[in-house]
Amino acid sequence: MWALVACLGIAVSVFAVPASAQSLGGCELQGNANFSPGLNSSSQPFSYNFGGNLSGCHSSEAGVPESGAVAAGQTLTEKVTNSITGATDTVTYQEPAASGSGGCASSTTSGRALVTWVDGSDTVLSYSTTGALAGVVLSGSVAPSITLTAVNAQAGDPATYTIATDRYAGDSTAGVLAFQPPEPTACTEPSGVGVAAISGVVTLAGS
């Protein structure tokens, strides 16, 4: 239904539009990824989280949101009903961790990202990436939902929280990303790159 293009570096994803797509669009993205352990010249397993803002969104489809936020592997705060007390509790839930293997020179990753649009609608993205140096190729699709796990739930609070896709269901994703460490020489250090800026233009497309 819609094309969402974004640059999420070694971490998250950019989305390119299939030739058969009937609706197109795009957003500018600015964000940051956090890696553990930091990426360096060695190849090793790692996990990461990402958070960023989508702005200047446009589409051939009328009425689409003009901005939103995207996150992978982060925590969200939700209001839930306690089954014991009946009270409304505020609980922190953890998104599924995104993970990968490799380093600064090359990498592969996979995960799920949640896009929360300015109008309150949600899009869950299931993606994988293959990276070489600062360039990353992503492919994926819009997933039906994402399930988060409670971090600080009290007795009676839901142990999990599921967010369903209610915008752009059935769309596919693909693209090219940019990875921008604050210090390029960090890739040569044992501690590696722990934080990197991610920026660019992203797409999501449907037929």
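Start at 1 with the first residue, then count along the sequence. Only a predicted model underlies this, so the values are computations on that prediction, with no experimental measurement involved.
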**Student:** Would a single hydrophobic cluster contain both V124 and Y48, if residues Ile, Leu, Val, Met, Phe, Trp and Tyr are joined by side-chain heavy-atom contacts under 4.5 Å?
**Tutor:** no

**Student:** Got a sec, which residues hit side-chain hydrogen bond (donor to acceptor under 3.5 Å, both in side chains) with N40, two or more places apart in sequence or on another chain?
**Tutor:** none

**Student:** Check for a donor-acceptor pair, side chain of Q94 on one end and backbone N or O of G73 on the other, with a separation under 3.5 Å.
**Tutor:** yes

**Student:** What closest approach, in Å, do A143 and S126 show between heavy atoms, and which atom pair accounts for it?
**Tutor:** CB-CB, 4.1 Å

**Student:** Quick check: closest heavy atoms across P45 and P37, and the distance to 0.1 Å?
**Tutor:** O-CD, 3.6 Å

**Student:** When you check the side-chain N and O atoms of T108 and T130, is any donor under 3.5 Å from an acceptor?
**Tutor:** no

**Student:** What residue pairs, at least two apart or across chains, pass salt bridge (charged side-chain N to carboxylate O under 4.0 Å, His left out) with a residue in residues 117-134?
**Tutor:** D119-R167

**Student:** Locate the shortest heavy-atom distance separating S145 from R112; write the atom from each residue and the value.
**Tutor:** O-NH1, 2.5 Å

**Student:** Write down the atom of P65, the atom of V118, and the distance for their closest heavy-atom approach.
**Tutor:** CB-CG1, 4.0 Å

**Student:** To the nearest 0.5 angstrom, please state how far the CZ atom of F46 sits from the OG atom of S101.
**Tutor:** 7.0 Å

**Student:** Using the rule given for side chain to side chain contact (heavy atoms under 4.5 Å, CB included), can you reason through S41 versus C187, listing the C-alpha separation, both sets of side-chain angles and the distance that settles it, and then say yes or no?
**Tutor:** CA-CA 6 Å; S41 57; C187 283; over 6 Å; no

**Student:** Which pairs pass ring-ring contact (aromatic ring centres under 6.0 Å, His included) with one or both residues in residues 77-109, sequence neighbours excluded?
**Tutor:** Y93-Y161

**Student:** Evaluate the criterion side chain to side chain contact (heavy atoms under 4.5 Å, CB included) for residue pair T85 and Q154; output intermediate values, then yes/no.
**Tutor:** CA-CA 11 Å; T85 66; Q154 302 180 35; over 6 Å; no

**Student:** Quick test of your reading: applying salt bridge (charged side-chain N to carboxylate O under 4.0 Å, His left out), list the pairs with at least one residue in residues 136-162, sequence neighbours left out, ordered by first then second residue.
**Tutor:** none

**Student:** If two hydrophobic side chains count as joined below 4.5 Å and joins carry through other members, does I198 share a cluster with L114?
**Tutor:** no

**Student:** Running the 4.5 Å side-chain criterion over Ile, Leu, Val, Met, Phe, Trp and Tyr, what cluster does I84 land in, apart from itself?
**Tutor:** none

**Student:** Counting only N and O atoms by type, is there a donor-acceptor contact under 3.5 Å from the side chain of S83 to the main-chain atoms of G156?
**Tutor:** yes

**Student:** Whether the side chain of E95 engages the backbone of Q74 through a donor-acceptor N/O pair (distance < 3.5 Å, no angle test) should be reported.
**Tutor:** yes

**Student:** Could you walk me through whether T129 and T109 pass the side chain to side chain donor-acceptor pair (under 3.5 Å) check?
**Tutor:** CA-CA 5 Å; T129 71; T109 82; 2.6 Å; yes

**Student:** Hey, any chance I146 and V91 share a hydrophobic cluster, counting ILVMFWY side chains that come within less than 4.5 Å of each other, even indirectly?
**Tutor:** yes

**Student:** Is there a path of hydrophobic side-chain contacts, each under 4.5 Å between heavy atoms of I, L, V, M, F, W or Y residues, that connects L76 with V80?
**Tutor:** yes

**Student:** Flag yes if more than 12 heavy atoms outside E66 fall under 6.0 Å of its CD atom; otherwise flag no.
**Tutor:** no

**Student:** Are any non-hydrogen side-chain atoms of C104 and V193 less than 4.5 angstrom apart?
**Tutor:** yes

**Student:** If you look at every heavy atom in N152 and T92, which pair is closest and at what distance?
**Tutor:** OD1-N, 2.8 Å

**Student:** Would a 4.5 Å heavy-atom cut-off, applied to side chains only, mark L148 and E78 as touching?
**Tutor:** no

**Student:** For a 4.5 angstrom cut-off between non-hydrogen side-chain atoms, does W117 reach V64?
**Tutor:** no

**Student:** Using modelled atom types and a 3.5 Å cut-off, is there a donor and acceptor pairing between side-chain atoms of S121 and backbone atoms of D166?
**Tutor:** no

**Student:** For S191, give me all partners under side-chain contact (heavy atoms from CB on, under 4.5 Å), at least two apart in sequence or on another chain.
**Tutor:** E189

**Student:** Which atom pair, heavy atoms only, marks the closest approach of F50 to N32?
**Tutor:** CD1-O, 3.3 Å

**Student:** Counting distance only, does the side-chain N/O of N82 pair as donor-acceptor with the main-chain N or O of A155 below 3.5 Å?
**Tutor:** yes

